[in-house]
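Before any comments, here is the structure.
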Amino acid sequence: MARILITSAIPYINGIKHLGNLVGSQLPADLYARFQRGRGNEVLFLCATDEHGTPAELAAAKTGEPVDEFCTRMHEVQADIARRFGLSFDHFGRSSSPQNHKLTQHFAGVLADNGLIREVDEKQVYSNADKRFLPDRYIEGTCPNCGYDKARGDQCENCTKQLDPTDLIDARSAISGSTDLEVRATKHLYLRQSALKDDLDAWIDSKKDWPILTTSIAKKWLHDGDGLRDRGITRDLDWGIPVRRGDDDWPGMEGKVFYVWFDAPIEYIACAGEWAEANGRPDADWERWWRTDKGADDVRYVQFMGKDNVPFHTLSFPATILGSGEPWKMVDHLKSFNFLNYDGGQFSTSQGRGVFMDQALEILSADYWRWWLLSHAPESSDAEFTWEGFQADTNKDLADVLGNFISRITKFCRSKFGEAVPGDGAYGPDEAALIADLTTKIRNYETHMEAMEVRKSAQDLRAIWVVGNEYLQSTAPWVTFKSDPDRAAAQVRMGLNLIRLYAVLSAPFIPDAAARMLSAMNTLDTTWPDDVNAALTALPGGHEFSVPDVLFAKITDDQREDWQTRFSGVRD
RNA sequence: GGGCCUGUAGCUCAGUUGGUUAGAGCAGAGCGCUCAUAACGCUUUGGUCGUAGGUUCGAGUCCUACCGGGCCUACCA
């Protein structure tokens, strides 16, 4: 039995994620986790909320809550939505956890001991009105290049020119609008990534099977200009992990916290500790997933994320681990995704454009979304969500191909044989051919799932569903029944066994529907079909079942138009 | 500006190291079936593979230029 550690990029605490965020990390990670569990492998699937940084402080200030209370509340909101989407995290942690505080401070300490931290005196813009240092993009002003009056301190989004905050004319705080800004001296810690460049380069080079998207981004950062640059890992904020050197104070760094991108990936590790604590397990139980000196040698570690997260996972976090010199498990495969667009534009959290996870669940159950998003996962390029496509695809795949198959065979059986699997007759050449066909298709499905080829896996699964309809059409038990009832009985028995098989195979994509299928078939047998022949005799003659309700109701044109209108604007 | 990704039938996408008549699903057309959520099955119409050159016996696949879409570019996360 293989052991597989899976992490999804941790969603930022500030607000509810949209469908584009979901399909880029948590959902495919869940697909893979469910698949690996289904095959009988040992899985630890971790996710968490990423809670530190300026936007969290500002969002809390907006609601009037203390930032820690805001984060606690939003964590629960996100955890609840994740549950309702069927995201099967073994633990959904928090980057603000005590475990992460300790571990982040630990890493900073050992990196300093190894000579990989340097202190840098620098100047940053400080807003007297806001009483805080402002990140470049929180400073607005008039672009000296094109005159656009809402240029940000890092770049003018009108003329795309790269800017320095001090370039801006009439610079003001993007938070308060105050122009009472000054340049202040401050001191920060930098991680000497440049010293680890060759190690990182060699490490990336050794990853031959990673998506091009992943390695090309990493290579760009490694070789652009003078090569990989050192990176500031501290910030002048109140909310975050206090800068400490292991268990000791860090003289000169009082009142500062670690940069959110330093502590967020470390939460992948800390989250395992939270998982152990939450389940009353000893430290050894999580360390065997993360410490190669404590049993993690045979763990395969896979990360899922959107392309915007790649540099931090291919460079910063590995630099933290390599630089520590400690035997932490490093990522084996990094699956990255492009973005999902919404009806001709981008999904946007800041602008409230698109469909957000909570809204999606208000109108349809999770499986509709899971199926469509995964079968259109933006793997090779950005993908496009349209309501027409969503309606057409889910109606065809889920209602017609899969749902109707279940409906027709269960209802036919009920009318001719009653609600129990008919035991007469035996499988013959038709069934042997079906089993051979299914075996080939299931092995393809497994291969693509194993390789995290999400869209191809969805196509494979759909093809497996189609086989059921083809089988019924060609054997026509409704005809056979009139001349050879025993033969019809065997055909119906096969059809009912296909439902159980489909439930097992489909569970990673559509877990709720799979559970309803198993429930209707009155079985708890979720054995993975390594042996397809055996899988199709699992429900014996006499086994009682029930005809399930409609598995997937179709999306009507009226519904689609209604939703199209409702989600055409922006959310408040 | 630089780097990378991308442009294949009306739509969404496959096309392995260049190799005979470019594939799938949906939509469209025809036929069949009637167990079923008017569902299913079979057959079938659509493409000179963004444009222009080049390499090659042979290019959707490699090279160059150009046009279009996208992402990143290190202090948002």
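Side chains included, hydrogens not; waters and symmetry mates left out as well; all remaining heavy atoms used. Letters A, B, ... are given to chains in the order of the sequence lines, protein chains preceding strands, and every chain is numbered from 1.
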Between A:I204, A:T314, A:D205, which is the residue that forms a side chain to side chain contact (heavy atoms under 4.5 Å, CB included) with A:L222?
-> A:I204

When you compare B:C11 with B:U16, how far apart are their C1' atoms, in angstrom units rounded to a whole number?
-> 26 Å

Distances under 3.5 Å between nitrogen or oxygen atoms of protein and nucleotides 75-77 of chain B:
from  : atom 1 : to     : atom 2 : distance (Å)
B:C75 : O4'    : A:R235 : NH2    : 3.4
B:C75 : O2'    : A:D136 : OD2    : 2.9
B:C75 : N3     : A:Q124 : NE2    : 2.9
B:C75 : N4     : A:Q124 : NE2    : 3.0
B:C76 : OP2    : A:R137 : NE     : 2.9
B:C76 : O4'    : A:R137 : NE     : 3.2
B:A77 : OP1    : A:T54  : N      : 3.4
B:A77 : O3'    : A:D50  : OD2    : 2.6
B:A77 : N7     : A:W261 : NE1    : 3.0

So, for A:F312 and A:F317, is the gap between ring centers shorter than 6.0 Å?
-> no

Under a 3.5 Å cutoff on both atom distances, Watson-Crick or G-U, what's the dot-bracket for RNA chain B ([ ] crossing, | other strand)?
-> (((((((..((((.....[...)))).(((((.......))))).....(((((..]....))))))))))))....

Base B:A39 paired with A:R408 side chain (donor-acceptor, <3.5 Å) = no

Sticking with atom P, work out how far B:G70 lies from B:C76, rounded to a whole angstrom.
-> 22 Å

Residues at least two apart in sequence or cross-chain that pass side chain to side chain donor-acceptor pair (under 3.5 Å) with A:K416, listed by chain then number, are none

Please output the side-chain donor-acceptor pairs of residues 15-28 of chain A that fall under 3.5 Å, not counting sequence neighbours, one pair per line with the distance.
from  : atom 1 : to    : atom 2 : distance (Å)
A:K17 : NZ     : A:Y12 : O      : 3.3
A:H18 : ND1    : A:G20 : N      : 3.0
A:H18 : ND1    : A:N21 : N      : 3.1
A:H18 : ND1    : A:N21 : OD1    : 3.3
A:H18 : NE2    : A:N21 : OD1    : 3.2
A:N21 : OD1    : A:H18 : N      : 3.1
A:S25 : OG     : A:N21 : O      : 3.4

Base, sugar-phosphate, or nothing: which does A:K554 touch, judged by heavy atoms less than 4.0 Å apart?
-> base

Scan nucleotides 25-31 of chain B against the protein and return all N/O pairs shorter than 3.5 Å with their distances rounded to 0.1 Å.
none

Give one of base, sugar-phosphate or nothing for A:F339, where a contact means two heavy atoms less than 4.0 Å apart.
-> sugar-phosphate

What side-chain donor-acceptor pairs closer than 3.5 Å can you find for residues 383-391 of chain A, not counting sequence neighbours?
from   : atom 1 : to     : atom 2 : distance (Å)
A:E384 : OE2    : A:G344 : N      : 2.6
A:T386 : OG1    : A:G389 : N      : 3.1
A:W387 : NE1    : A:Y342 : OH     : 2.9
A:E388 : OE1    : A:Q564 : NE2    : 3.3
A:E388 : OE2    : A:Q564 : NE2    : 2.7
A:Q391 : OE1    : A:R560 : NH1    : 3.0
A:Q391 : NE2    : A:I555 : O      : 3.0
A:Q391 : NE2    : A:T556 : O      : 3.4
A:Q391 : NE2    : A:D557 : OD1    : 2.8

Report each atom pair, protein N/O against N/O of nucleotides 66-68 of chain B, whose distance is under 3.5 angstrom.
none

Rounded distance (nearest 0.5 Å) linking atom CD of A:Q193 with atom OG of A:S316 = 4.5 Å

Sorted by chain and number, sequence neighbours left out, side chain to side chain contact (heavy atoms under 4.5 Å, CB included) with A:E122 holds for A:V120, A:Q124, A:T186, A:H188, A:Y190

Measure from NZ or CZ of A:K335 to the centre of the six-membered ring of A:F337, then state whether that distance is under 6.0 Å and the direction lies within 45° of the axis.
-> yes

From the options B:A36, B:C35, B:G15, select the nucleotide whose nearest atom is closest to the side chain of A:K456.
-> B:G15

Applying side chain to side chain donor-acceptor pair (under 3.5 Å), name anything that partners A:R229, two or more places apart in sequence or on another chain.
-> none

Distances under 3.5 Å between protein N/O atoms and the N/O atoms of nucleotides 3-7 of chain B, please, pair by pair.
from : atom 1 : to     : atom 2 : distance (Å)
B:C4 : O2'    : A:S216 : OG     : 3.1
B:C5 : O2'    : A:S380 : O      : 3.2

State which residues pass side chain to side chain donor-acceptor pair (under 3.5 Å) with A:Q303; sequence neighbours excluded, sorted by chain then number.
-> A:Y301

Does A:W478 stack onto the base of B:C35, taking stacking as ring centres under 5.5 Å apart and planes under 30° apart?
-> yes

Which part of the nucleic acid, if any, lies within contact of A:H223, taking any heavy atom under 4.0 Å across all strands shown: a base, the sugar-phosphate backbone alone, or nothing?
-> nothing

From B:C35, B:U37, B:A74, nucleotide with atom closest to A:K411 side chain | B:U37

Please list, chain by chain and in numerical order, all residues satisfying side chain to side chain donor-acceptor pair (under 3.5 Å) with A:Y259, sequence neighbours excluded.
-> none

